[in-house]
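Working notes, beginning with the structure itself.
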Number of protein chains: 2
Amino acid sequence: MTRVLVVDDEPQIVRALVINLKARKYEVDAAADGAQALELAAARHPDVVVLDLGLPDMDGVEVIKGLRGWTRVPILVLSARHSSDEKVEALDAGADDYVTKPFGMDELLARLRAAVRRAEPAAGAGGDEVVVETEDFTVDLAAKKAVREGRDVRLTPTEWHLLEVLVRNGGKLVSQKQLLQEVWGPSYGTETNYLRVYMAQLRRKLEADPSHPRHFITEPGMGYRFER
Amino acid sequence: MTRVLVVDDEPQIVRALVINLKARKYEVDAAADGAQALELAAARHPDVVVLDLGLPDMDGVEVIKGLRGWTRVPILVLSARHSSDEKVEALDAGADDYVTKPFGMDELLARLRAAVRRAEPAAGAGGDEVVVETEDFTVDLAAKKAVREGRDVRLTPTEWHLLEVLVRNGGKLVSQKQLLQEVWGPSYGTETNYLRVYMAQLRRKLEADPSHPRHFITEPGMGYRFER
DNA sequence: CGGCGGCGTCAAGGGTGCGTCAGGGATGGC
DNA sequence: GCCATCCCTGACGCACCCTTGACGCCGCCG
């Protein structure tokens, strides 16, 4: 689900945005001033920020610069100012789009979709290693592809999900409960037999010698660990 | 140097843009209609496109769709229409920004800088392959043409759109939801029966043996993948 | 030495997703 | 106004995936 951070000090505008966004299945956080905005952005890692420039505690452009110091998240600026200079300043500070109030909700939502859409590929490349290689096989998380001895390995959705969690936590121990909850959902946690079955599948499809696994390692009583 | 493609049928607007852009050390191509725009885009690979929606030969939205079939180049739309519907349509078709005439040159240039800036990292990837060949058929994304055994293959608009998304993500798995949203619109996501029908069409028209597809591969429960 | 818990393996069942086909409705061109 | 084309929809059969249970093995502890 796409997460939006709404920053505005006027409650009625925030309310209107929140209602419209939630109705369209966005997850929404809201901040009323710049400090809160920067804090929430750091804590929640939104996929897009809607930012009013007229904030009580600090200049909106400073908020943009604060965000741009560490993230490329799309920033959509709202402002009552029509002045060209303000727009140029905000855009050059790192904003992605600039909408003047009063704005049409349809247009705003369309601009929001556009901003999220073009940020999509960058999200996958966001510093993470997408391709993981071991001596025996290769996993491409972006393409959802596993290759062993030059041939593609077919994995079922559940197998993929499990493999993904393990690989993303590469080297670290992942507890059984955590695996169950991430793959099967939050209401699971004790069905360790699922793990046994699917770990066996993964080993059979990827390990060179499934009975003596080198990459999918069992930590008895605790969980599993992926080692390259 | 940044290369800009300007598309507008009004000579004085083109002239104003060209002068301003060249003064700021952009390299500029200009097109007066949609057909010429698509042609120049394919030939010159601009870093950003400035597109007037009111063209003499075709609807501006069609130009956007034509470009989006094979490239993610930023598209900045110019238009005299202030209607919200027009903006939404253009943005959802794949435009990155929408500026209404009359526009301030400073603002336009700032929006252009913003569009170019955020496209920068993706430019290095250079995934702009326009013609894709397989053992069994050839797809030319720019010319919107598919050839199999020396003959042109007729594809319906929806079939094309689906093929485009798959080919553009060549080798990568594309989830069912992503396919549905890109081809049928943002409000779709669960109608997997559409996909089944149209994937069957594509396979029937392009695969050598439609019942044993080699290029349009199903990943059960997850999505589809194009392999050359 | 015997019991016990955790793990790996295997096989079978029920359910779900996928491919296929055909028909109705909408749309656009002549 | 007619006709062709394209999109959507439903039904059906099949293959595959998830789940579940049983069984044997190993290490640990009493």
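Both backbone and side-chain heavy atoms feed into the values below; hydrogens, waters and symmetry mates do not. Letters go in sequence order (proteins before strands), and every chain restarts at 1.
- Looking at residues two or more places apart in sequence or on another chain, you find no ring pair (Phe, Tyr, Trp, His ring centres under 6.0 Å) involving B/Y26.
- In this structure, the ring of B/F216 has its center less than 6.0 angstrom from the ring center of B/F226.
- Comment: A/R214 does not engage A/E207 in a salt bridge, judged by the lack of any side-chain N to carboxylate O separation of less than 4.0 angstrom.
- With sequence neighbours excluded, the residues forming a side-chain hydrogen bond (donor to acceptor under 3.5 Å, both in side chains) with A/R3 are A/E27, listed by chain and number.
- In this structure, A/T218 reaches the sugar-phosphate backbone alone: every heavy-atom distance under 4.0 Å involves primed, P, OP1 or OP2 atoms, never a base.
- Looking at the side chain of A/W184, the nearest of the listed nucleotides C/dC7, D/dT19, D/dC17 is D/dT19.
- Residue B/Q176 is in sugar-phosphate contact alone, with no base atom involved, counting any heavy-atom pair closer than 4.0 Å across all strands shown.
- The aromatic ring centroids of B/W184 and B/Y198 lie less than 6.0 Å from each other.
- Shown here are the side-chain hydrogen bond (donor to acceptor under 3.5 Å, both in side chains) partners of B/E164, two or more places apart in sequence or in another chain: B/K144.
- For the contact set between residues 193-216 of chain B and DNA chain D, defined by any heavy atom under 4.0 Å, the members are B/Y194, B/V197, B/Y198.
- Residues that satisfy the salt bridge (Lys or Arg N to Asp or Glu O under 4.0 Å) test with B/R68, not counting sequence neighbours, are B/D96.
- Taking atom OH of A/Y188 as the reference point, atom C1' of D/dC18 lies 10 Å away to the nearest angstrom.
- Whole-Å rounding puts the B/I217 CD1 to C/dG19 P distance at 12 Å.
- Distance, A/M222 CE to C/dC7 P: 11 Å, rounded to whole Å.
- Computed from coordinates, the A/R154 CZ to C/dC18 P distance equals 11 Å when rounded to whole Å.
- Between B/E182 and B/K177, no side-chain nitrogen of the basic residue sits less than 4.0 Å from a carboxylate oxygen of the acidic one, so the salt-bridge criterion is not met.
- Rounded to whole Å, the distance from CD on B/E219 to P on D/dC17 is 10 Å.
- Inspection of the A/S211 and A/D209 side chains reveals an N or O donor paired with an N or O acceptor under 3.5 Å.
- A heavy atom lying under 4.0 Å from DNA chain D marks the following residues of residues 155-167 of chain A, by number: A/T156, A/P157, A/T158.
- In this structure, the CZ atom of B/R225 is 15 Å from the P atom of C/dC18, given to the nearest Å.
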